[in-house]
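What follows is one structure encoded as structure tokens, with my remarks underneath.
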Amino acid sequence: MPCPRPEYPLAIRTYLGADGLAGTGLSLYRAFGGFGTHELTLQVTRSASDEELFGNGGRPTYLAHLLNFWQLSRSTYMQIGGSALYGTNSDSALRTRVAGLDFRLTWRPPAPGAVPRMDHPW
């Protein structure tokens with residue numbers, strides 16, 4: 001049985017194609033501490049899915065992504081991130097810039113059974 005294929009959000013499929021931003025290139029990743037935990041990813045690719053975004057010019061595209069994590073309590077953490085993508089079209093002087101922000105707040109019970117039950121014996 002084949003593995004299920006992930007479906008990207010509509011915005012990604014619309015601007016980057018059904019497979020998202022996929023291609024061959026170089027990727028650098030660095031995680032570091034400080035006030036929270038931070039991840040930085042820098043990529044240079046020749047995107048195989050750049051027809052919608054860059055006119056299928058085969059020129060390099062540049063991507064940067066910074067993601068920040070903070071543990072707010074034993075059971076709550078927050079993520080804030082930002083992405084930037086840049087590329088050009090070889091058939092014209094057009095340049096494409098895409099930027100995005102993401103936010104996530106996650107709460108999980110600190111231990112099994114830590115959430116009180118709300119059953120009523122009526």
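Model, not experiment: these values are computed from the prediction. The first residue in the sequence is number 1, and the count goes up from there.
Under the 4.5 Å side-chain heavy-atom criterion for grouping Ile, Leu, Val, Met, Phe, Trp and Tyr, Tyr62 is not connected to Leu28 through any hydrophobic cluster. By the criterion of side-chain heavy atoms lying less than 4.5 angstrom apart, applied directly or through intervening Ile, Leu, Val, Met, Phe, Trp or Tyr residues, Leu66 is not grouped with Phe103; the two fall into different hydrophobic clusters.
Contact detail for Gln71 and Arg74: the closest heavy-atom pair is NE2-O, 3.7 Å. Counting all heavy atoms, side chain and backbone alike, Phe32 lies closest to Leu40 at CE2-CB, 4.2 Å. The minimum heavy-atom distance between Phe35 and Trp70, with the atom names listed, is O-NE1, 2.8 Å. The minimum heavy-atom distance linking Thr76 with Trp107 is given by the pair OG1-CD1, 3.2 Å. When all heavy atoms of Val44 and Pro60 are compared, the pair lying nearest together is CG1-CB, 4.0 Å.
Within the 3.5 Å criterion, the main-chain N or O of His65 finds no donor-acceptor partner in the side chain of Ser83. A donor-acceptor pair is defined here as one N or O able to donate and one able to accept, closer than 3.5 Å; no such pair exists between the side chain of Asn68 and the backbone of His38.
Across Leu85, Leu42, Thr45, a single residue satisfies side chain to side chain contact (heavy atoms under 4.5 Å, CB included) together with Leu63, and that is Leu85.
Here Tyr86 contributes atom OH and Thr61 contributes atom OG1; the two are 11.5 Å apart, rounded to the nearest 0.5 Å. In this structure, OG in Ser75 is found 10.5 Å from CZ in Arg108, a value given to the nearest 0.5 Å.
Phe69 is linked by a side-chain contact (heavy atoms from CB on, under 4.5 Å) to Thr37, Glu39, Leu67, Gln79, counting only residues two or more places apart in sequence or in another chain. Under the side-chain hydrogen bond (donor to acceptor under 3.5 Å, both in side chains) criterion, Thr41 pairs with no residue, sequence neighbours left out.
Checked by atom type, the side-chain pair Arg104/Thr106 shows a donor-acceptor distance below 3.5 Å.
The 12-atom threshold is exceeded at OH of Tyr29, counting heavy atoms of other residues, nucleotides or ligands nearer than 6.0 Å.
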